[in-house]
Amino acid sequence: MLLSGLVTLQSATNMNTTLKFTVLLLLALGFCQGLQHNYIEEEEAQPVAQASKYGTLWPLPQKVQISEVSFKLSSSSFRIVDAKESSAGQSCSLLQNAYRRYYEYMFGGAAAEEQNQGKGWRTDPSELTELQVWITSPDSECDSYPGLTSDESYELSVNQPFAVLKAPKVWGALHGLETFSQLMYEDEYGAKSINSTTISDFPRFAHRGILLDTSRHFLPIKVILANLETMAMNKFNVFHWHIVDDPSFPYLSRTFPQLSQQGAYHPYTHVYTPADVKMVIEFARLRGIRVVPEFDTPGHTQSWGKGQKDLLTPCYSGTKPSGTFGPVNPILNTTYDFMKQFFTEVSTVFPDAYVHLGGDEVDFTCWKSNPDIKKFMDQQGFGQDYSKLESFYIQKLLDIVTTTQKGYMIWQEVFDNGVKLKPDTVVHVWIGGGSNEEMSKVTEAGYTTILSAPWYLDYISYGQDWQKYYKVEPLSFNGTEAQKKLVIGGEACLWGEYVDATNLTPRLWPRASAVAERLWSAKEVTDVNDAFNRLSMHRCRMVERGIPAEPLFSSYCPREYKGI
Amino acid sequence: MKVMYAVSSGRYNRPEFILPLLIIVQLGLNTVEGVWPLPQDFTSSTERYPLNPRAFHFGYGEQSVAQQGCSVLDAAFKRYFSLIFPDYTSANGVLQFSKDKPFIVEISVDHDDCESYPKEDSSEKYNLSVSERKAILNAETVWGAVRGLETFSQLVYQDDFGSYFVNKTEIEDFPRFQFRGILLDTSRHYLPVQTILKTLDAMAYSKFNVFHWHIVDDPSFPYQSRSFPSLSSKGAFHPMTHIYTQSDVRRVISYARLLGIRVLPEFDSPGHTNSWGKGQSDLLTPCYRGGTPSGTFGPVNPALPSTYQFMARLFKEVSSVFPDSYIHLGGDEVDFSCWKSNPDIRRFMHKMGFGVDFTKLQAFYIEKIVNITSALNKTSIVWQDVFDYHERRSSLSVVEVWRGGCYLCEVRRVAKAGIRVILASPWYLDQPGPTHNWARYYTVWPLAFQGTEEQKKLVIGGEVCMWGEYVDATNLSPRLWPRASAAAERLWSDEKQTSSVDKASPRLQDFRCKLVRRGIQAEPLYVGHCKHEYQGV
């Protein structure tokens, strides 16, 4: 029973519902007697997942060849091992860790018990007993952090006597392991099987991110880790940690501990200690995921002011301070001293080459009300143009951050306001409506850019909105080939106004998976029906792995979510 | 620039007026205002009494008809002890006798309905008086006592040091509407029994009293029938893992009983029955294309006597399995195109003198089913479609209004016809957007139609519907809570006292944190935090 009126239906696979919807409207209009629709029966039009020729692969690799020949895998004999020629061996804990993780995903909890029984069994001729992982480049990067330019490519060949996963670096190997685990399936007797397959794969875009907002609601570490785990299942490689904002400051700074003591929702239970942050970064590294922290200024900083006196601009009502505060105060030297120390700390805590500096949505009313600011505007000759003051601030901030040897990402307004940016700055396009024009402008100016405007997953609607995210083509803007090369990827953003640990995971997955395929797979991979089939199975796989990824439509998973 | 962002689909184009409300909630709500849904009549004071879990007892009053051994209340004491003292573990060292004088919650009920099921007319009224070292809870029935215990548990709070307190309070409370339901759809997605039980827990926290179990529908038939086992062995998503066995159903019913919740099963027909056809041949109407059967099937075949024999047996079983005196027969969204295509149906129409009016055929069918269930002493509920089509409305008992548009117009029409009404239209919670506005479910005025007092009395309540197209165990809880709680207050509390969204907002935020503390994945209303955040994933 569907409610007429409020429903918005977008899906092509949802024909039946659309028709039903039409009928409801007609009924509501009183035409019930003369209904002459001759439409197809219900069960035919229901989108039921069919088997895709690509099985359950998600995101779809660049080149795939799956043959009919299948091999059996047994938990007692199957091993993931380092190839002899590999430049990463036993000492590469990143890989050893991943082998165990994927072995567990593939064989589940029962594996350990079966292991003993298995000894002494003869190997079946159609059995695949080994996956050899071969890191081909002399430097495996096993102990480094992933970066924007990391090589994530891999080649996978599943054949007898053993399967081989070749990758220049460990990052590609991680993706290859995920792909290998996705190739495995259970035959009708429950036996683990895999088809002979050849895959050659690499990402279309280098920056494939998820933004989580831990300021509007605090997210316990457990939730962050679970989502990093899920990101790896979807080959995302950037965790954009929007760690602080107006409502709260949960980042526990060693240099300025009072920021979280005063600015967090709670100074002990709702903070990220240095150990927490380290854990997140290492957990992410082990999955080939970069952690890009965002410390957004000069707006979105209400919570900073609680622990740092004189940092924010005092707003005036009439001639007297009103007791409220606006954006960071850009006219005081102390502001820049603070920022220098603060970002120096950030640069050592977060190993990634980039830090996101925000710079969005600065509200000028408070600045306008403050007589000291007005005086400063006069001195600088900014007139009434407060965006010049904003640029003045950002410029100084960028110079400070440059001295910490970090590159920076900024929201699009900073670019729009004409702030001078280093050539390697990444401009983050987020404003919906006109984002194509913005992409043109940013790339025309020669900056690299990432796209988020179409992927604000905190906005929800009824129906299969994953298709909307899936159908986005990031390079559909007007521009030269050179301009398009400047688009290094995109991010799905899950802002926290209405999201916390209670609903984050099902809201994010599998909707973000749609973005994952758009950013990883070839441009030509646009078949929504095939995507529906693969994504349905992929979501069941996430559920089986303990991730409460919500359903796409009426359906079932062989193993439903058990977590309640 | 600001304006531009306000009209774009920007990051934060959300109303800022909510912010002041957040500040209120940080202060905590330690009075009866913190009880959700709001009791009918109450006075409370700032005088507070400490509670020590080691010196706290539930007891039966001397006057109480129910005494020790009352299954409903004994189970409730056990449940509410942990809910009142969430930090308490008996493993806190050696059991010490507290020097504190004990605090006693003394319960008295007038009827011994300890072993029965909650019924359509069961009283849920209770009086609660909290004073020094004693709370007195009086109710007509154990169900009222269970509601009172829920209220008491919400009155208890912890200070910053973790000590428990309760304020001096007097409450007289009863529900505005008798029927306060939640519909779960276990056909479009299978919901594991655990998920259903957890939802029942959360329902009790919001004083819902009917679990409307939309157990089967087109996509799957998970109910394992004793009389017709092939219905689920052929019609469920999976015959072993995606079914409700008889013992599963019993478990749900008895679990719900202890919480004072009725289980109302729905076996929707003649439409929405695709999955039935898989295990019961000749039940559905074969559709024709041209002069030959197309191989597809439509609604239940109303022209065959075997259909009614089957239904009589099925409903006989269902009536004995589900003890509630109500049964939901569905009757919505019947698609006539298949019936029209079938020559046997057309012949039957002719024979019956229905002409080409297929609504007459549907009415004929439903009336037969209603008669079957009346003979089994069940009161039947049907979706509004049946009322709309049916000329002889006198045979109908209860109509559930679900369509959007002017739903109160429909409520009025049904009430005018002298038929009882349940309202569901404004509470379709499976639709998450486009706004996150819980207030939409709060500012519903079920009796705001022109009618006599008598007619308004016919509106027996309302129901929150969580259809399953996009919902399964992964996302059910946050989609349901706390939005369903907004509806719960509308259905329980006095409308005049609860007409303001602004007043309700901090209370609901507080209540949602209570739900989270109790392990219910209730999503946030807006920016903010709970002292104890949800610890799952």
Side-chain angles (χ1 to χ4, degrees), chain A residues 1-7 20 28 32-33 35 37-39 41-44 46 216-218 220 222-223 226 247-248 265 270 360-361 363 387 430-433 456 459-462 495-503 505-506 543 548-551 553-556 558 560-564, chain B residues 1-2 5 8-12 14 188-190 192 194-195 198 218-220 237-238 241-242 274 287 296-298 332-333 336-338 357 359 383 402-405 428 431-434 436 467-475 478 516 521-524 526-529 533-537:
Chain A
M1 176 159 309
L2 293 159
L3 181 72
S4 57
L6 295 159
V7 191
K20 207 196 263 180
C32 43
Q33 300 287 324
L35 207 64
H37 281 274
N38 214 351
Y39 56 83
E41 305 317 319
E42 191 113 344
E43 76 268 30
E44 290 190 353
Q46 294 263 1
R216 289 180 177 80
H217 285 100
F218 178 80
K222 206 170 141 183
V223 175
S248 78
Y265 283 132
H270 288 62
D360 59 314
E361 296 184 312
D363 173 10
S387 68
W430 69 271
I431 297 179
Y456 266 42
Y459 288 92
I460 51 176
S461 55
Y462 188 71
W495 296 100
E497 281 87 348
Y498 300 99
V499 177
D500 72 0
T502 61
N503 58 354
T505 311
V543 168
E550 66 177 23
F553 194 67
S554 303
S555 63
Y556 76 105
E560 300 286 358
Y561 185 61
K562 290 271 162 50
I564 311 172
Chain B
M1 195 158 66
K2 189 96 204 310
Y5 300 150
S8 70
S9 69
R11 285 173 53 189
Y12 316 117
R14 290 186 174 119
R188 292 185 174 81
H189 284 99
Y190 176 82
Q194 275 306 327
T195 307
K198 189 93 175 176
D218 285 327
S220 77
F237 283 133
H238 188 283
T241 58
H242 287 62
N274 264 317
C287 312
T296 63
F297 294 90
D332 59 311
E333 297 184 310
F336 296 147
S337 54
C338 181
D357 184 355
T359 63
W383 295 106
W402 68 274
R403 290 183 192 273
Y428 264 42
Q431 313 202 358
H436 307 248
W467 297 102
E469 280 86 349
Y470 302 100
V471 177
D472 71 2
T474 62
N475 59 353
V516 170
Q521 258 176 284
E523 66 177 19
Y526 193 63
V527 175
H529 78 290
E533 300 288 0
Y534 184 67
Q535 289 306 319
V537 171

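Worth knowing before you read on, the calculation uses all heavy atoms, side chains too, and leaves out hydrogens, waters and symmetry mates. In what follows, chains are A, B, ... by sequence order, proteins preceding strands, each numbered from 1.
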Verify the distance criterion only: is there a donor paired with an acceptor across the side chains of B:His242 and A:Glu560 at less than 3.5 Å?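 Result is yes, a qualifying pair exists.
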
Measuring heavy-atom distances to chain B, does A:Pro220 have an atom under 4.5 Å in its side chain, in its backbone, in both, or in neither?
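Side chain only.
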
Side chain, backbone, both or neither: which part of A:His217 has a heavy atom under 4.5 Å from chain B?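 Backbone plus side chain of A:His217, per the 4.5 Å heavy-atom cut-off to chain B.
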
Margin query: Test of understanding: with side chain to side chain donor-acceptor pair (under 3.5 Å), list the residues that count as partners of A:Asp500, not counting sequence neighbours.
Written below: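 Checked A:Asp500 against side chain to side chain donor-acceptor pair (under 3.5 Å); matches are A:Thr502, B:Arg512.
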
Check side chain to side chain donor-acceptor pair (under 3.5 Å) between B:His189 and all other residues, then give those that pass, not counting sequence neighbours.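 Counting only residues at least two positions away or on another chain, B:His189 forms a side chain to side chain donor-acceptor pair (under 3.5 Å) with A:Ser555.
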
Inter-residue atom distance [X].[atom1] - [Y].[atom2], 0.5 Å rounding:
X	Y	atom1	atom2	value
B:Thr195	A:Lys562	OG1	NZ	9.5 Å
B:Trp467	A:Ser554	CH2	OG	11.5 Å
A:Tyr498	B:Tyr526	OH	OH	5.5 Å

Minimum-distance pair of heavy atoms, taken over all atoms of A:Arg216 and B:Val527: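 Closest approach of A:Arg216 to B:Val527, heavy atoms only: O-CG1, 3.4 Å.
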
Would you name the heavy atoms of A:Pro558 and B:Thr241 that are closest together and state the gap between them?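 So the minimum-distance heavy-atom pair works out to O-OG1, 4.3 Å.
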
Could you tell me which of A:Val223, A:Thr505, A:Val499, A:Asn503 has the largest number of non-hydrogen atom pairs under 4.5 Å with chain B?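 When all of A:Val223, A:Thr505, A:Val499, A:Asn503 are compared, A:Asn503 has the most.
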
field: Geometric class of the B:His529/A:His270 ring pair [parallel <30°, tilted 30-60°, perpendicular >60°]
entry: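 The rings of A:His270 and B:His529 stand perpendicular, inter-plane angle above 60°.
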
Hey, are the side chains of A:Pro551 and B:Asn475 touching, using non-hydrogen atoms and a 4.5 Å cut-off?
->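 Yes; the side chains approach each other to less than 4.5 Å.
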
Atom group of B:Pro524 that falls short of 4.5 Å from chain A, counting heavy atoms: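 Both backbone and side chain of B:Pro524 come within 4.5 Å of chain A.
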
